[in-house]
Protein chains: 2
Amino acid sequence: MNKSNLYKGCLEPILLKLLKENGRMYGYEITQKVKELTAGELKITEGALYPLLHRLEAEGILEVEMENLGNRVRKYYSLTASGKKEQARSMIELESFKNTLQLIFNPKLA
Amino acid sequence: MNKSNLYKGCLEPILLKLLKENGRMYGYEITQKVKELTAGELKITEGALYPLLHRLEAEGILEVEMENLGNRVRKYYSLTASGKKEQARSMIELESFKNTLQLIFNPKLA
DNA sequence: ACAGATACATAAAATACTTATGTATCGATT
DNA sequence: AATCGATACATAAGTATTTTATGTATCTGT
């Protein structure tokens, strides 16, 4: 995902957040959106993204709609009802993660 | 390290930070300190910690002093000069990580 | 006609951690 | 004196996530 190890484990929450914000997105669009949002700091690799999309679809968290562009196919993903719950849970987990890091890295502020 | 995947990649920065704050620490002490600081939220496992300590020592980032407690041995680790640089670098990386996540999860505030 | 962008996909390797297990000492309790 | 939980080290197998590399194919602008 990136030069820094820190982003490991963040791809799923990022993906869920983007789908929540944007309704439906396709893979390539997601990679571009993240690059844009982070001014190039974070680059989602396709090798990480596509398998994740497939897994989350298999788990019923995402659903797919195929769309034809002339001769190409585009696969739009969106959150299912279960996916929306999972997204909310994921955000709570992220909050907790941030708070925990605060406790270690900014003990004065705690 | 924890139930959440998010902490992956954080162990090294946490360790370096603790050693910076406390001068020198031994493995078991580190696991207890993290548990204490985070009120039990984050538990460093020994299976993750000890190999990391060994690796960082091999890389010249940490140095060890053995200490005898009666019949037991305790291994105190501290940052080398190179380790101090690495610690500083690691904190900058963590800041950048936090800022990048902001851009994705709190786009309004950016 | 070609290069670079768009758009999907997978497989092997690397990485980082979890889980399980092992050894051994120490202190407190029964 | 025996047992248990805490202290203190260590490693190995398994799992999960991501990187790197590779592949296919279309579209767009030059």
Side-chain angles (χ1 to χ4, degrees), chain A residues 1-16 24-36 40-59 61-62 64-77 90 93-94 97 100, chain B residues 1-16 24-36 40-59 61-62 64-77 90 93-94 97 100:
Chain A
M1 195 168 174
N2 201 270
K3 60 238 158 185
S4 168
N5 286 335
L6 292 167
Y7 294 96
K8 284 187 194 219
C10 289
L11 180 54
E12 187 172 330
I14 289 172
L15 171 62
L16 296 178
R24 51 177 234 155
M25 300 180 84
Y26 56 96
Y28 186 75
E29 184 186 11
I30 292 163
T31 66
Q32 299 308 299
K33 187 71 181 176
V34 169
K35 212 195 290 180
E36 178 204 317
E41 245 297 300
L42 182 54
K43 282 167 188 146
I44 303 290
T45 63
E46 294 172 305
L49 180 60
Y50 288 114
L52 176 60
L53 289 170
H54 300 161
R55 197 198 87 211
L56 293 177
E57 188 198 345
E59 290 174 357
I61 288 169
L62 301 184
V64 189
E65 287 172 284
M66 307 291 247
E67 211 142 297
N68 284 57
L69 310 158
N71 237 328
R72 274 197 281 187
V73 182
R74 196 181 266 174
K75 293 174 79 175
Y76 278 97
Y77 289 88
S90 162
E93 195 171 287
L94 187 71
F97 167 66
T100 301
Chain B
M1 195 165 175
N2 200 271
K3 60 238 158 185
S4 168
N5 283 336
L6 291 167
Y7 294 96
K8 283 192 195 210
C10 290
L11 180 53
E12 187 172 330
I14 289 173
L15 172 61
L16 297 178
R24 52 177 232 155
M25 301 180 83
Y26 56 96
Y28 187 74
E29 185 186 11
I30 292 162
T31 66
Q32 299 308 299
K33 188 70 181 175
V34 170
K35 213 196 289 182
E36 180 204 318
E41 245 296 300
L42 183 53
K43 282 169 188 144
I44 304 289
T45 63
E46 295 172 304
L49 181 60
Y50 288 114
L52 176 61
L53 289 170
H54 301 160
R55 198 198 84 210
L56 293 177
E57 189 199 345
E59 289 173 359
I61 288 169
L62 301 183
V64 189
E65 287 172 285
M66 307 289 250
E67 211 142 297
N68 283 57
L69 312 159
N71 237 327
R72 273 195 281 186
V73 182
R74 197 180 263 174
K75 293 174 79 174
Y76 278 96
Y77 289 89
S90 161
E93 194 171 287
L94 187 70
F97 168 66
T100 301

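The sequence lines fix the lettering, A, B, ..., with proteins before strands; numbering per chain opens at 1. All of these numbers come straight from a predicted model, not from anything done at the bench.
- At the phosphate of D:dT11, neither OP1 nor OP2 sits under 4.0 Å from any side-chain N or O atom of B:Tyr50.
- Residues B:Ser4 and A:Gly47 both approach DNA chain C. Their nearest nucleotides, taken by heavy-atom distance, put A:Gly47 toward the 5′ side.
- With contacts defined as side-chain heavy-atom distances shorter than 4.5 Å, the pair B:Arg24/B:Glu67 qualifies.
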Output one line per pair: protein atom, nucleotide atom from nucleotides 13-16 of chain C, and distance, for all N/O pairs under 3.5 Å.
{"unit_1": "C:dA16", "atom_1": "OP1", "unit_2": "A:Asn5", "atom_2": "OD1", "d": "3.0"}
{"unit_1": "C:dA16", "atom_1": "OP1", "unit_2": "A:Asn5", "atom_2": "ND2", "d": "2.2"}

Quick tally for nucleotides 22-30 of chain D: nucleotides whose base has a protein heavy atom under 4.0 Å get B, sugar-phosphate-only ones S, the rest -, giving ----BS---
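- Phosphate proximity of C:dC8 to A:His54: absent, as no side-chain N or O sits under 4.0 Å from OP1 or OP2.
- In this structure, B:Ser90 OG and A:Leu6 CG are separated by 7.0 Å, a value rounded to the nearest 0.5 Å.
- Taken from NZ in B:Lys43 to OH in B:Tyr7, the straight-line distance is 11.5 Å, to the nearest 0.5 Å.
- Rounded to an integer number of Å, the gap from CZ of A:Arg74 to C1' of C:dA5 is 13 Å.
- Between B:Leu52 atom CG and C:dC17 atom C1' there is a gap of 11 Å when expressed in whole angstrom units.
- Computed from coordinates, the A:Leu56 CG to D:dT17 C1' distance equals 13 Å when rounded to whole Å.
- With rounding to the nearest 0.5 angstrom, the CD1 atom of A:Ile44 is 6.5 Å from the CG atom of A:Leu49.
- In this structure, the CG atom of B:Leu42 is 12 Å from the C1' atom of C:dC17, given to the nearest Å.
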Evaluation steps, salt bridge (Lys or Arg N to Asp or Glu O under 4.0 Å), between A:Lys75 and A:Glu29
CA-CA 10 Å; A:Lys75 293 174 79 175; A:Glu29 184 186 11; over 6 Å; no
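- Projected onto DNA chain D by closest heavy-atom contact, A:Lys43 and B:Gln32 fall at different nucleotides, the more 5' of which corresponds to B:Gln32.
- Here the CG-NE2 distance, from B:Leu62 to B:His54, works out to 10.5 Å after rounding to the nearest 0.5 Å.
- Taking atom NZ of A:Lys35 as the reference point, atom C1' of C:dT6 lies 11 Å away to the nearest angstrom.
- Between B:Leu53 atom CG and D:dC9 atom C1' the separation is 11 Å, expressed in whole Å.
- Here A:Gly27 lies in heavy-atom contact (under 4.0 Å) with sugar-phosphate atoms only.
- Between the CG atom of A:Leu49 and the P atom of C:dA11 there is a distance of 17 Å, rounded to whole Å.
- Dashed line: the shortest gap from a side-chain N or O of B:Tyr28 to OP1 or OP2 of D:dT7 is under 4.0 Å.
- With values rounded to the nearest 0.5 angstrom, B:Tyr26 atom OH is found 8.5 Å from B:Gln32 atom CD.
- Here the P atom of nucleotide C:dT19 and the CD1 atom of B:Ile44 are 14 Å apart, to the nearest Å.
- B:Lys8 contributes atom NZ, which lies 12.0 Å from atom SG of A:Cys10 (distance to the nearest 0.5 angstrom).
- Using a cutoff of 4.0 Å between basic side-chain nitrogens and carboxylate oxygens, A:Arg55 and A:Glu12 are scored as salt-bridged.
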